[in-house]
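Numbers for residues simply follow the sequence, beginning at 1.
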Amino acid sequence: MKYDFINPKEITPDGWLMRQLRIQADGLHGNLDKVWRDVKESKWLGGNGEGWERLPLFLDGFIPLSLLVGDEDKIARAKKYADCILSCQDEKGRFRPKNDTEPLSDDIWVQFLIMRMLTNYADCLCDDDKTKEIENALLSCFEFIYAYTSERTLFNWAAFRWYECLIAAKWLFGRNISRQNREFIIKVCERLKVQGADICELVEVWKMNKDKNKGWNYEAHIVNIAMTLKAYDLYGEIMGEKPTATSEEAFSVLYKKHGTAYGHFTGDECLSGLSAIHGSELCGIVEAMYSYEWNTAVTGKSVWGERLENLAFNGLPATVSEDMWTHQYDQQVNQISCKKYKKAIYRTNEPDANVFGLEPNYGCCTANFGQGFPKFALSAYMKQPGGIVAVSPVSMKIQTEIDGEKVNFSCKTEYPFGKTCVFTSDKTIKLKVRVSEYAKIEVCDENNNKIDCIKYGGWVDFVLEKGVNTVVKYEYSPRLEKAPEGGYCLRYGALLFAVPVKEKREIVEYEKNGVVRKFPYCDYTLTPDGEWRYAFTKKAAFNVENHPVKVPFSRTNLSVTISAELARVRWNYEKGYDLIASEKPGRIRVGSTERIKMQSYGATNLRIAVMSLLDDEK
């Protein structure tokens with residue numbers, strides 16, 4: 001790999017990121033095993049609840065979260081649940097709940113997921129003995145997979161998620177396994193690639209896909225796609241091959257045909273075109289983040305780090321509530337209400353898919369959303385020979401070993417809400433900092449003397465001298481960018497901005513299928529209680545105001561705001577739908593220009609982010 005992940009036990013998030021992780025730990029994800037039947041009473045734990053993917057998905061985020069916030073009770077719970085799953089491996093190497101009396105499914109996707117989760121468990125919470133036990137369990141599961149694929153081929157979820165096995169393969173290659181075991185794992189991976197979905201063929205399918213085509217299918221499923229984006233980079237890494245342009249081509253095709261203003265794709269639940277009122281599934285966002293983290297490490301290309309930030313700072317926080325007790329299944333870029341509609345605007349999801357709640361539409365996102373921020377924290381910094389790589393220069397403390405020496409490294413910053421990062425190290429090391437395409441940076445010493453370059457995009461390399469504060473200053477301004485469907489959006493650094501829509505909120509408490517929704521993990525119906533019909537004007541001035549970063553994505557105590565001159569326009573509801581803005585932004589002025597305070601996209605519930613740009617001078 002171009003860069004190496006840092007041992008999770010050596011990482012301590014600081015500043016706003018640690019506050020965000022603690023909000024998550026105190027919210028739904030940190031308490032899901034106490035309130036949600038599919039985790040609390042999982043068959044993996046000996047109960048009668050769901051016994052497939054939901055507990056492993058939950059643990060994939062809960063394990064690193066418990067470590068990063070240093071919560072001993074959560075650590076103990078995470079260990080207990082992971083050990084329960086580990087104990088469910090049979091003599092053939094297959095993981096299956098012990099009290100599961102249902103016929104075995106031939107779809108082995110959950111085996112891949114459990115293997116992925118167990119590598120996470122080993123790295124975050126296990127001692128040497130437990131890690132060795134996990135190593136042996138993974139090798140046994142590879143043996144099961146080889147035997148399974150000798151008798152039949154992959155299908156359904158396993159066929160479209162085969163590459164999740166590559167994470168366990170890469171982890172084992174980092175262990176002291178025998179040459180024989182290494183060659184066997186390569187043989188298994190080769191077979192999975194032959195039997196599984198081919199990303200090159202999928203790209204051709206995506207090119208031909210019509211934006212408004214209806215119907216659910218695996219090829220257009222947004223979570224499958226988000227996972228797929230790391231497949232060829234990881235596969236090449238396992239096979240000892242150089243990275244190819246396959247993942248980059250896949251991203252380019254997807255963004256061209258299904259892109260959003262915040263840099264992701266629509267998918268509600270399948271690819272849904274360029275409309276700002278179609279949704280993006282939360283599972284797809286966190287799985288895409290995970291893919292981009294791997295892509296960055298394997299290829300070393302800075303653009304994957306930029307795409308990661310687009311989701312970490314915009315897409316992810318926008319689809320969870322400020323207190324992280326509720327989440328949406330789908331978010332919309334232009335979202336003027338969150339309610340159960342009379343009929344769904346979404347391609348394959350139900351009418352309640354954009355409600356903030358415990359389990360809107362379907363429970364996979366309830367189980368899976370928790371991996372987003374913890375895995376981002378574990379990937380914001382990586383290692384290079386002789387030093388550290390700042391993929392996303394958030395506030396962080398790292399105690400690690402570089403070239404055989406123990407190093408204490410830190411970054412103090414409010415980035416992306418602020419523009420200054422102060423890096424320090426108690427040893428002289430190399431430091432590589434990613435520079436976004438939208439920004440230029442200046443590297444200075446603690447006396448503000450310029451050390452190094454100003455540039456846009458790519459990486460900046462310099463030496464971080466022992467005991468010296470080195471300051472990196474970012475320079476960027478508000479900028480209008482073209483968005484799909486003839487609209488424009490406002491970006492400021494890594495943040496997308498939106499017009500917040502004043503909301504009327506209704507708490508909805510009820511029971512469904514034996515699962516109680518009650519405050520604070522009830523459903524919330526949000527309807528507009530203020531104006532939302534606006535457009536940008538060509539001569540608009542943008543005034544930025546920075547505020548202390550307390551709750552980073554608070555909807556009320558805002559970290560950054562931008563005042564903009566916007567015009568009131570005629571903008572109807574989408575034909576046939578109630579309280580859904582037309583997908584075509586309004587262009588006919590109906591009032592005078594108003595100065596509106598816009599806020600970061602991730603700090604909004606109801607919003608308009610894509611608007612027209614008017615020529616007139618009124």
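Put simply, the residue from Y476, Y456, Y474 that forms a ring pair (Phe, Tyr, Trp, His ring centres under 6.0 Å) with Y438 is Y476.
In this structure, S337 contributes its side chain and L579 its backbone to a donor-acceptor pair below 3.5 Å. Side-chain atoms of S395 come within 3.5 Å of backbone atoms of C411 as a donor-acceptor pair (strictly under, hydrogens ignored). One N or O on the side chain of S291 and one on the backbone of A226 form a donor-acceptor pair closer than 3.5 Å. Counting only distance, with no hydrogens or angles, the side chain of S392 and the backbone of A380 share no donor-acceptor pair below 3.5 Å.
A salt bridge links R533 to E531: at least one charged side-chain nitrogen sits closer than 4.0 Å to a carboxylate oxygen. With respect to K230 and E164, a salt bridge is recorded, a charged nitrogen being found less than 4.0 Å from a carboxylate O. Of the charged side-chain nitrogens involved, none lies within less than 4.0 Å of a carboxylate oxygen, so that R491 and E437 do not count as a salt-bridged pair. Contact check on D523 versus K340 returns no salt bridge, with no Lys/Arg side-chain nitrogen under 4.0 Å from an Asp/Glu carboxylate oxygen. Using a 4.0 Å cut-off between a side-chain N of Lys or Arg and a carboxylate O of Asp or Glu, E287 and R116 qualify as a salt bridge. In summary, K170 and E237 engage in a salt bridge, as defined by a charged side-chain N under 4.0 Å from a carboxylate O. Of the charged side-chain nitrogens involved, none lies within less than 4.0 Å of a carboxylate oxygen, so that R347 and D268 do not count as a salt-bridged pair. Salt-bridge check for R307 with E248: passed, with a basic side-chain N closer than 4.0 Å to an acidic carboxylate O.
Scanning both residues, H278 and T266, for their nearest heavy atoms gives O-CG2, 4.1 Å. G372 and V286 get closest at one heavy-atom pair: CA-CG1, 3.8 Å. In terms of heavy-atom proximity, H221 sits nearest to W216 at CD2-CZ2, 3.4 Å. Counting all heavy atoms, side chain and backbone alike, L614 lies closest to A535 at CG-CB, 3.8 Å. T413 and T420 make their closest contact through OG1-O, 2.8 Å (heavy atoms, listed as atom of the first residue, atom of the second, distance). Of all non-hydrogen atoms in V499 and Y534, the two that sit nearest each other are CG1-CD1, 4.1 Å.
Inspection of the N120 and D60 side chains reveals an N or O donor paired with an N or O acceptor under 3.5 Å. Of the N and O atoms on the side chains of E565 and T593, not one donor lies less than 3.5 Å from an acceptor on the other residue. Defined by atom type and a distance below 3.5 Å, a donor-acceptor pair is missing between the side-chain atoms of N361 and E350. Looking only at atom types and distance, the side chain of Q331 has a donor-acceptor partner in the side chain of Y601 under 3.5 Å away. Side-chain N/O atoms of D198 and Y232 include a donor and acceptor closer than 3.5 Å. Neither side chain, Y524 nor S321, offers a donor N or O lying under 3.5 Å from an acceptor on the other. Residues E306 and S436 bring a donor and an acceptor atom of their side chains to less than 3.5 Å of each other.
Looking at residues two or more places apart in sequence or on another chain, you find a side-chain contact (heavy atoms from CB on, under 4.5 Å) between P478 and L490, Y492, F542, V544, I562. Every side-chain contact (heavy atoms from CB on, under 4.5 Å) that N156 has, sequence neighbours left out, goes to D107, Y218.
In this pair, F313 and Y415 present their aromatic rings perpendicular. The plane angle is above 60°, beyond the 30 to 60° band.
You'll find the side chain of F417 stays beyond 4.5 Å of the side chain of N546, heavy atoms only. Taking 4.5 Å as the limit, some side-chain heavy atom of E281 sits within range of a side-chain heavy atom of C364. When side chains are defined from C-beta on, H327 counts as touching C365, because their heavy atoms get closer than 4.5 Å.
Within a 6.0 Å sphere centred on NZ of K455, other residues, nucleotides and ligands contribute more than 12 heavy atoms.
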side-chain contact (heavy atoms from CB on, under 4.5 Å) between R505 and N605, worked out: CA-CA 11 Å; R505 174 176 295 226; N605 294 329; 3.4 Å; yes

Candidate pair S559 and H547, rule side-chain contact (heavy atoms from CB on, under 4.5 Å), full reasoning: CA-CA 5 Å; S559 302; H547 310 277; 5.7 Å; no

Ring pair (Phe, Tyr, Trp, His ring centres under 6.0 Å) between Y163 and F112, worked out: CA-CA 8 Å; Y163 33 80; F112 308 158; 8.9 Å; no

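With a 6.0 Å cutoff to the six-membered ring centre and a 45° limit on the axis angle, R161 counts as a cation-pi contact of W109. In this structure, R479 fails the cation-pi test against F497, since its NZ or CZ atom is not both closer than 6.0 Å to the six-membered ring centre and inside 45 degrees of the ring normal.
Here F553 and W16 bring their ring centres to under 6.0 angstrom of each other. For W459 and Y3, the ring centers sit closer than 6.0 Å to each other.
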